[in-house]
Student: 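The following block contains the structure, expressed as structure tokens.
Computed from a predicted model, the values in this text were never measured in an experiment.
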Amino acid sequence: MKIETVVSGKLDNNTYVVITESNNAVIIDPSLDYEKIDNVLSNSGASLKYIIFTHGHYDHTASAGRLRQKTGAKLVIHHRDAEMLSDGEKDLSFIFTNHPELCSADIEVDDGDFLELDELKFEFMSTPGHSNGCMLIFCGDVIFTGDTVLEGTVGRTDLYGSNDSLMIQSVRKIAALEKNYTLLCGHGKPSTLEFEKKYNPYFIEYAR
């Protein structure tokens, strides 16, 4: 597995291009800079099969429509956030642009579902709080956390679909994982689950 990270926008959004040994690709959270994402994909020579969203906010979905149009890739999102892909108010696209490129899901998933591509298995864990349909995406020793867990903190809970009490439950659910996964976050630097358990104040307060 090869993972390329594309950083874009003032919020340092991370888009992840995951490439299999057979040179097929999954993109996770295609953010605002379509050209940069497309260049990474084109330079890899990989065939894009799936676009998976950790949640439905526009800064994590903005380039999905054009990528799907170009490649035919399937859009995958938790069923509770699927509505956000076609709603410019709920997805917060009005914050970023006056001309949002809205889309719709091809595949809606739930807690415990998974997708397989070549040697890779992408498993989904529901972690509501930042949005109602936030989910972690597991692939081997890596978790793509979106905005559920960021280095040293968690996602904000004052947006459409956010919920403080659900975020606390999700933190406890994540803290119960025993393996020390690498965490690839929706914004900023990567982390590890061990680091978050030790130093993230939300894990310290709610998960011990």
Student: Can you tell me if S131 and D81 form a side-chain donor-acceptor pair at under 3.5 Å?
Tutor: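 Yes - a donor-acceptor pair under 3.5 Å links their side chains.
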
Student: Counting N and O atoms only, with roles assigned by atom type, does the side chain of N43 sit under 3.5 Å from a partner on the main chain of V40, one being a donor and the other an acceptor?
Tutor: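 Judged by distance alone, no pair lies under 3.5 Å.
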
Student: Please determine, by modelled atom types, if T5 and N14 share a side-chain donor-acceptor pair under 3.5 angstrom.
Tutor: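 No, no side-chain donor-acceptor pair sits under 3.5 Å.
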
Student: Side chains of V7 and N13: does their closest heavy-atom pair fall under 4.5 Å?
Tutor: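 A side-chain contact under 4.5 Å is absent here.
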
Student: Determine whether a donor-acceptor pair (N or O, by modelled atom type, separation under 3.5 Å) exists between the side chain of S44 and the backbone of L41.
Tutor: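 Side chain of S44 to backbone of L41, a donor-acceptor pair under 3.5 Å: yes, one is there.
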
Student: Determine, using the 4.5 Å side-chain heavy-atom cutoff (strictly less than), whether F122 and Y50 are members of one ILVMFWY cluster.
Tutor: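 Yes, F122 and Y50 fall within the same hydrophobic cluster.
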
Student: Hey, does I143 have a side-chain heavy atom less than 4.5 Å from the side chain of L184?
Tutor: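 Result no, sub-4.5 Å side-chain heavy-atom pair not found.
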
Student: Measure from the ring center of H78 to the ring center of H55 and say whether it is less than 6.0 Å.
Tutor: no

Student: I want to check something: taking the side chain as every heavy atom from C-beta on, are N24 and I19 in contact at a cut-off of under 4.5 Å?
Tutor: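 No; the side chains remain at least 4.5 Å from each other.
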
Student: Examine distances only and state if a side-chain atom of N39 and a backbone atom of E35 form a donor-acceptor pair shorter than 3.5 Å.
Tutor: yes

Student: Should F114 and E116 count as side-chain neighbours, where that means a heavy-atom distance under 4.5 Å?
Tutor: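 Side chain of F114 against side chain of E116, heavy atoms only: contact under 4.5 Å found.
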
Student: Identify the residue among T61, T15, T54 that makes a side-chain hydrogen bond (donor to acceptor under 3.5 Å, both in side chains) with D29.
Tutor: T54

Student: What is the minimum heavy-atom distance between G186 and D147, and which atoms define it?
Tutor: CA-OD1, 3.8 Å

Student: Could you tell me whether K74 atom NZ has more than 12 heavy atoms of other residues or ligands within 6.0 Å of it?
Tutor: no

Student: What's the spacing between D113 CG and M135 CE if we round to 0.5 Å?
Tutor: 9.0 Å

Student: From I27 CD1 over to I37 CD1, what is the distance, rounded to the nearest 0.5 angstrom?
Tutor: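 Answer for the CD1-CD1 pair, I27 versus I37, is 6.0 Å.
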
Student: Strictly by side-chain hydrogen bond (donor to acceptor under 3.5 Å, both in side chains), give each pair with a member in residues 166-175 just once, sequence neighbours left out.
Tutor: D111-K173

Student: After noting the C-alpha distance and the side-chain angles of L32 and S63, does the key distance pass the side-chain contact (heavy atoms from CB on, under 4.5 Å) rule?
Tutor: CA-CA 6 Å; L32 299 159; S63 296; 5.8 Å; no

Student: Looking only at heavy atoms, what is the nearest atom pair of Y58 and E101, with distance?
Tutor: OH-N, 3.1 Å

Student: Under a 4.5 Å cut-off applied to non-hydrogen side-chain atoms, are F53 and V76 in contact?
Tutor: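 Counting from C-beta outward, F53 and V76 never come under 4.5 Å.
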
Student: So if you build clusters from Ile, Leu, Val, Met, Phe, Trp, Tyr with side-chain heavy-atom gaps below 4.5 Å, do F94 and L159 land together?
Tutor: yes

Student: In this structure, would I51 and M84 fall into the same cluster of hydrophobic residues linked by side-chain contacts under 4.5 Å?
Tutor: no

Student: Should N132 and N163 count as side-chain neighbours, where that means a heavy-atom distance under 4.5 Å?
Tutor: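 Not in contact.
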
Student: Looking at S162 and H130, would you say the former's side chain and the latter's main chain have a donor-acceptor pair under 3.5 Å?
Tutor: yes

Student: I want to check something: taking the side chain as every heavy atom from C-beta on, are E151 and P190 in contact at a cut-off of under 4.5 Å?
Tutor: no

Student: Search all heavy atoms of S31 against all heavy atoms of A62 and return the closest pair with its distance.
Tutor: O-CB, 3.7 Å

Student: Could you note down all residue pairs passing ring-ring contact (aromatic ring centres under 6.0 Å, His included) where residues 143-193 supplies at least one of them, sequence neighbours left out?
Tutor: Y16-F144, H60-H187, F138-Y181

Student: Decide, yes or no, whether a salt bridge links K189 with D12 under the criterion of side-chain N to carboxylate O below 4.0 Å.
Tutor: no

Student: Closest approach of A73 and D106, non-hydrogen atoms and distance?
Tutor: O-OD2, 4.0 Å

Student: Mind jotting down which residue pairs meet the salt bridge (Lys or Arg N to Asp or Glu O under 4.0 Å) criterion with at least one end in residues 117-146? Sequence neighbours excluded, please.
Tutor: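 Every pair satisfying salt bridge (Lys or Arg N to Asp or Glu O under 4.0 Å) with a residue in residues 117-146: D141-K179.
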
Student: Only counting residues at least two apart or in another chain, list the ones meeting side chain to side chain donor-acceptor pair (under 3.5 Å) with T148.
Tutor: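 If we apply the side chain to side chain donor-acceptor pair (under 3.5 Å) test to T148, skipping adjacent residues, the hits are T127.
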
Student: I'd like to know whether V109 forms a side-chain contact (heavy atoms from CB on, under 4.5 Å) with I77, so could you lay out the CA-CA distance, the side-chain angles of the two residues, the decisive distance to 0.1 Å, and finally the verdict.
Tutor: CA-CA 6 Å; V109 298; I77 195 168; over 6 Å; no

Student: Do the non-hydrogen side-chain atoms of F124 and L115 ever get within less than 4.5 Å of each other?
Tutor: yes

Student: Side chains of S93 and D91: is there a donor and an acceptor less than 3.5 Å apart?
Tutor: yes

Student: Could you tell me which residues satisfy side chain to side chain donor-acceptor pair (under 3.5 Å) with E194, sequence neighbours excluded, listed by chain and number?
Tutor: none

Student: Indicate whether any N or O donor in one side chain lies under 3.5 Å from an N or O acceptor in the other, for S47 and K49.
Tutor: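 Present: a donor and an acceptor within the cut-off.
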
Student: Count I, L, V, M, F, W, Y as connected when their side-chain heavy atoms are under 4.5 Å apart, and connections chain through other members. Are V149 and L193 then in the same cluster?
Tutor: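 As far as the 4.5 Å side-chain criterion goes, L193 and V149 are connected within one cluster.
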
Student: Under the side-chain hydrogen bond (donor to acceptor under 3.5 Å, both in side chains) definition, can you give me all pairs with a residue in residues 198-207, not counting sequence neighbours?
Tutor: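 Only E196-N200 qualify under side-chain hydrogen bond (donor to acceptor under 3.5 Å, both in side chains).
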
Student: Rounded to the nearest 0.5 Å, how far apart are CE of M1 and CD1 of I3?
Tutor: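 So the gap between those two atoms works out to 4.0 Å.
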
Student: Hydrophobic clusters here meaning ILVMFWY residues chained together by side-chain heavy-atom distances under 4.5 Å, can you tell me if V6 and I28 are in one?
Tutor: no

Student: Can you check side-chain contact (heavy atoms from CB on, under 4.5 Å) on K10 and F96, steps first, answer last?
Tutor: CA-CA 10 Å; K10 295 181 180 180; F96 303 96; over 6 Å; no

Student: Any chance you could lay out the side-chain contact (heavy atoms from CB on, under 4.5 Å) test for V18 and L120, step after step, and finish with the verdict?
Tutor: CA-CA 10 Å; V18 184; L120 302 182; 3.8 Å; yes

Student: Do you know which two heavy atoms are closest between T145 and C185, and how far apart they sit?
Tutor: OG1-CA, 3.2 Å

